[in-house]
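When reading the values below, keep in mind they use all heavy atoms of this one structure, side chains included, and skip hydrogens, waters and symmetry mates.
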Amino acid sequence: MGRCLSPCLGDLDPNLYRRRLDEALSVFTGDGDGGATLLAHVARQMRAAAAEERFERAAWLRRRHARLRVLLERLGPFLRAAHTNPRLVRVDGPEGCDLFWLVGGRVVDWGPAGDGDDVVARTGAALRTR
């Protein structure tokens, strides 16, 4: 409550919105492991809440920390924001495999996985969209 900048209403300060977005993504844009940084951030919030004797909030943060740890373990050892590095994502489905090329946080190409030469050519084209 009281945190939404109301972007859907179109009445927000774009500079404030950008600052808040950059702040939220900063956990995942550094050189290190974004997952570990996120867990450390939540742990600091938990300790601060306990020091302020806000025990219900501290308990809530402890549960969130535990859930995030499980989720991050499932996602893999290194988590970064999608816009920081280009990615090629493979998704296996019932009809075969699809590939998604993400550059600058946007899907620039997607479709069924072709042969190796096709994937190399499409990857090169996707990287040129930077």
Side-chain angles (χ1 to χ4, degrees):
M1 301 301 254
R3 291 192 215 178
C4 180
L5 299 176
S6 306
C8 57
L9 298 177
D11 64 349
L12 71 122
D13 173 3
N15 295 320
L16 175 61
Y17 185 75
R18 184 72 226 183
R19 282 193 307 271
R20 293 273 178 91
L21 182 61
D22 288 343
E23 181 183 316
L25 291 175
S26 68
V27 171
F28 303 105
T29 57
D31 292 332
D33 179 358
T37 304
L38 178 62
L39 289 174
H41 174 74
V42 174
R44 280 191 305 276
Q45 288 182 322
M46 182 176 53
R47 286 190 299 275
E52 295 167 5
E53 297 183 1
R54 298 174 60 205
F55 301 118
E56 288 180 10
R57 175 155 175 75
W60 179 83
L61 286 164
R62 184 180 40 185
R63 289 189 301 274
R64 171 163 281 191
H65 188 275
R67 288 192 303 263
L68 282 170
R69 189 171 4 94
V70 170
L71 176 65
L72 292 169
E73 286 171 2
R74 291 179 184 168
L75 288 173
F78 197 79
L79 185 63
R80 294 179 55 87
H83 72 281
T84 61
N85 292 316
R87 304 237 193 271
L88 175 58
V89 178
R90 175 187 164 140
V91 178
D92 293 316
E95 311 243 345
C97 171
D98 285 334
L99 299 176
F100 294 82
W101 285 263
L102 295 121
V103 178
R106 295 186 171 101
V107 175
V108 296
D109 190 9
W110 68 275
D115 62 17
D117 292 335
D118 177 57
V119 172
V120 169
R122 290 171 73 186
T123 300
L127 290 173
R128 286 190 292 277
T129 64
R130 284 188 196 194

Phe55 and Arg57, any side-chain heavy atoms less than 4.5 Å apart:
no
If you look at every heavy atom in Val119 and Trp101, which pair is closest and at what distance?
O-CZ2, 4.1 Å
From Arg20 CZ over to Asn15 CG, what is the distance, rounded to the nearest 0.5 angstrom?
13.0 Å
Is there a path of hydrophobic side-chain contacts, each under 4.5 Å between heavy atoms of I/L/V/M/F/W/Y residues, joining Leu102 to Leu127?
no
Quick one: CG on Asp117 to CZ on Arg122, what's the gap to the nearest 0.5 Å?
13.0 Å
Distance-minimising heavy-atom pair for Cys97 and Asp92
CB-OD1, 3.6 Å
Got a sec, which residues hit salt bridge (charged side-chain N to carboxylate O under 4.0 Å, His left out) with Arg63, two or more places apart in sequence or on another chain?
none
Measuring from atom CH2 of Trp60 to atom CD of Gln45, what distance do you get when rounded to the nearest 0.5 angstrom?
8.0 Å
Spell out, yes or no, whether Leu99 and Val120 are grouped together once hydrophobic residues are joined by side-chain heavy atoms under 4.5 Å, including indirect joins.
no
Which heavy-atom pair separates Thr129 from Ala126 by the least distance, and what is that distance?
OG1-O, 2.5 Å
Does atom CD of Glu52 have more than 12 heavy-atom neighbours, drawn from other residues, nucleotides or ligands, at distances under 6.0 Å?
yes
Closest heavy-atom contact between Leu72 and Gly35?
CD1-O, 3.5 Å
Mark yes when over 12 heavy atoms from residues, nucleotides or ligands other than Arg64 sit less than 6.0 Å from its CZ; otherwise mark no.
no
Rounded to the nearest 0.5 Å, what separates atom NE2 in His65 from atom NE2 in His41?
11.0 Å
Shortest non-hydrogen pair, Ala49 vs Leu61, comes out as CB-CD1, 4.3 Å
